[in-house]
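Please read the structure below before turning to the comments.
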Amino acid sequence: MGAATTRTGTGQADRLAHVDGLRGFALFGIFVVNSAMIASPYQALGLPDPAFDAPVDAAVRWFVACVFETKFYLLFSFLFGYSFTLQMTAAQRSGAAFAPRFLRRLVGLAVLGLAHAMLFYPGDILLAYALLGLPLLAWRRLDPGRALRRARWMGLLAVSLWLLLGLFILWLPGTVDDATAYRTDAQAALAAYRSGWAGTVLQNTREWAGSIWWQLMLVQGPFVAVMFLVGYALGRREALADPWREPGRLRQLLLIGLLPGLAGAAFYATTALPSVPISWKLLGLAVGLATAPLLSLSYGAAFLLLWRSACGPCLAAWLAPAGRMALTHYLMQSVLCAFVFTGWGLRRVSAVPPLGVLVLVLLLFGLQLLLSRWWMQRHVHGPVEGLLRALTLARWPRWRRTPVA
């Protein structure tokens with residue numbers, strides 16, 4: 001595909017279509033992971049679901065953990081950091097002060113994140129983005145080289161701490177493997193999600209405030225901050241403006257991350273199986289966190305190479321519109337899953353096998369792709385993106401797309 005940009009029709013700078021496409025690709029991976037967590041409280045706690053313990057169920061869980069878990073939120077975080085530099089440039093071009101704009105954007109993300117976590121999915125990432133966006137704002141004057149060095153040391157420190165903790169837990173007495181409390185929590189969640197919308201909201205709020213928020217900040221938070229910095233550094237260098245200038249570099253990046261990334265992902269997925277003792281799960285998580293950035297790097301490089309292949313026009317036509325309204329779709333995915341699996345609707349929690357959940361995701365994401373193409377042909381922004389942009393700019397942005405003569 002020859003063109004790397006797509007006209008917005010708003011008089012603003014052209015968007016990078018492949019960046020939007022990469023964001024749409026990351027959106028799909030996040031949907032696969034989040035849907036599995038909403039569909040079964042046992043899955044969310046790493047326990048065997050008594051309703052689905054056949055070999056095919058274990059195989060699907062292993063596949064999702066190996067290919068999707070701990071990888072796609074890194075791509076999304078990288079793109080957040082990259083887009084941060086584009087927003088800086090846009091503010092500078094318009095003569096507006098950037099910090100107040102970005103702070104208003106973070107407030108909007110925080111409000112959306114809180115509502116999302118309590119109403120539909122306690123594993124929300126938006127509030128974490130809002131809080132970790134504050135140090136990103138403070139680091140906005142770092143030169144790219146220094147930002148990359150800081151990201152490297154932050155990542156190494158986080159990985160080292162998790163590996164040490166995983167080894168320490170592994171050497172503890174076997175009582176750490178007692179899963180009785182976790183099973184009790186799963187059964188309580190199951191009853192709450194089948195009780196109705198009020199019980200669902202109460203359970204979501206209880207889980208988010210009780211443990212999930214802190215776990216998310218301790219597990220994903222450091223790596224989100226690292227990828228913010230990496231995205232910022234590469235954004236300052238305009239690395240994605242034309243990433244095909246050196247296609248050999250993309251192939252090299254793909255190969256560098258692929259083998260160690262897959263090995264770490266396989267170890268993580270195997271230790272994440274419900275039959276594996278809890279003491280091994282933390283070590284597996286540590287290994288997964290350490291190698292996930294490598295596999296995410298390979299995913300990104302492979303996607304960009306495909307963008308310039310015969311698949312490029314198809315990727316641009318379907319994934320780029322979805323990437324342009326990724327925030328809308330991220331929230332919509334949780335709403336749809338909450339309707340299917342919790343007291344907001346059908347209450348089918350722990351009633352659909354893992355393979356069925358995966359098929360449902362494919363169907364729903366296909367519908368989102370169709371909706372994206374229809375919407376973005378008529379509008380400049382996605383629905384939630386437009387509202388967030390209005391808050392960011394402190395004025396109502398152009399909403400309808402200008403017809404092309």
Side-chain angles (χ1 to χ4, degrees), residues 1-5 16-29 66-86 142-160 163 223-269 287-316 319-320 323:
M1 181 173 176
T5 58
L16 298 174
H18 54 282
V19 173
D20 288 328
L22 186 58
R23 189 178 292 110
F25 172 59
L27 181 70
F28 171 69
C66 182
V67 177
F68 294 96
E69 289 182 13
T70 75
K71 287 86 176 173
F72 284 88
Y73 83 91
L74 295 175
L75 277 177
F76 222 78
S77 302
F78 164 79
L79 292 170
F80 185 94
Y82 195 94
S83 297
F84 174 81
T85 65
L86 302 181
L142 285 177
D143 67 83
R146 188 178 177 189
L148 286 174
R149 288 192 296 272
R150 183 169 295 184
R152 180 184 62 194
W153 287 113
M154 287 170 55
L156 287 174
L157 177 61
V159 165
S160 299
L163 286 173
F223 298 95
V224 167
V226 166
M227 297 309 291
F228 278 6
L229 274 176
V230 174
Y232 162 82
L234 296 188
R236 287 283 303 275
R237 292 177 174 176
E238 299 184 344
L240 293 183
D242 185 9
W244 305 281
R245 285 174 296 185
E246 300 180 62
R249 178 68 62 85
L250 286 176
R251 297 187 188 96
Q252 185 181 40
L253 292 175
L254 189 158
L255 294 175
I256 286 174
L258 190 60
L259 289 180
L262 283 175
F267 181 77
Y268 162 75
V287 172
L289 292 173
T291 57
L294 296 174
L295 198 51
S296 296
L297 175 68
S298 293
Y299 286 174
F303 182 88
L304 292 174
L305 288 170
L306 281 174
W307 191 268
R308 278 296 177 94
S309 72
C311 300
C314 183
L315 293 175
L319 285 179

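Keep in mind that this is a model prediction, so the values were computed, not measured. The basis for the numbers below is simple: all heavy atoms, side chains too, and nothing from hydrogens, waters or symmetry mates.
Side-chain contact between V19 and L79: present, with at least one pair of heavy atoms (C-beta onward) separated by less than 4.5 Å. Side-chain contact between V67 and Y299 is present, with at least one heavy-atom pair separated by less than 4.5 Å. Contact check for L250 versus R308: no side-chain heavy atoms found under the 4.5 Å cut-off. In this structure the side chain of V226 never reaches within 4.5 angstrom of the side chain of F228, judged on heavy atoms. Inter-residue side-chain proximity for L315 and F25 is flagged as unmet; no heavy-atom pair is nearer than 4.5 Å.
Taking each heavy atom of E238 and R245 in turn, the nearest pair found is O-NH2, 4.2 Å. The shortest non-hydrogen separation linking M154 to A225 is CE-CB, 3.8 Å. The nearest pair of heavy atoms linking P243 to A241 is CD-C, 3.9 Å. In terms of heavy-atom proximity, L304 sits nearest to W244 at O-NE1, 2.7 Å. Pairing each heavy atom of Y232 with each of L142, the nearest pair is OH-O, 2.5 Å.
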Using distance only, find each side-chain donor-acceptor pair of residues 251-269 under 3.5 Å and give its atom names and separation, not counting sequence neighbours.
residue : atom : partner : partner atom : Å
Y268    : OH   : E69     : OE1          : 2.5

Please list every donor-acceptor pair under 3.5 Å in which a side-chain atom of residues 287-296 meets a protein atom from a residue at least two apart or in another chain.
residue : atom : partner : partner atom : Å
T291    : OG1  : V287    : O            : 3.0
S296    : OG   : K71     : O            : 2.8
S296    : OG   : A292    : O            : 3.1

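Distance alone, capped at 3.5 Å, is enough to place a donor-acceptor pair between the T85 side chain and the Y82 backbone.
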Test side-chain contact (heavy atoms from CB on, under 4.5 Å) on F303 and L319; report intermediate values, then the result.
CA-CA 11 Å; F303 182 88; L319 285 179; 3.7 Å; yes
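In this structure, F72 and F68 have parallel ring planes: the angle between them is below the 30° cut-off, well short of the 60° mark.
Partners of R149 according to the salt bridge (charged side-chain N to carboxylate O under 4.0 Å, His left out) rule, which considers only residues two or more places apart in sequence or in another chain, do not exist here.
The structure places CZ of F76 at 12.5 Å from CG of L74, a figure rounded to the nearest 0.5 Å. In this structure, OG1 on T70 lies 9.5 Å from CZ on F223, to the nearest 0.5 angstrom. Rounded to the nearest 0.5 Å, atoms CG (L148) and CH2 (W153) are 14.0 Å apart. Separating the SG atom in C311 from the CG atom in L305 is a distance of 11.5 Å, to the nearest 0.5 Å.
Sparse packing is recorded around CZ of R249, with 12 or fewer heavy atoms of other residues, nucleotides or ligands lying under 6.0 Å away.
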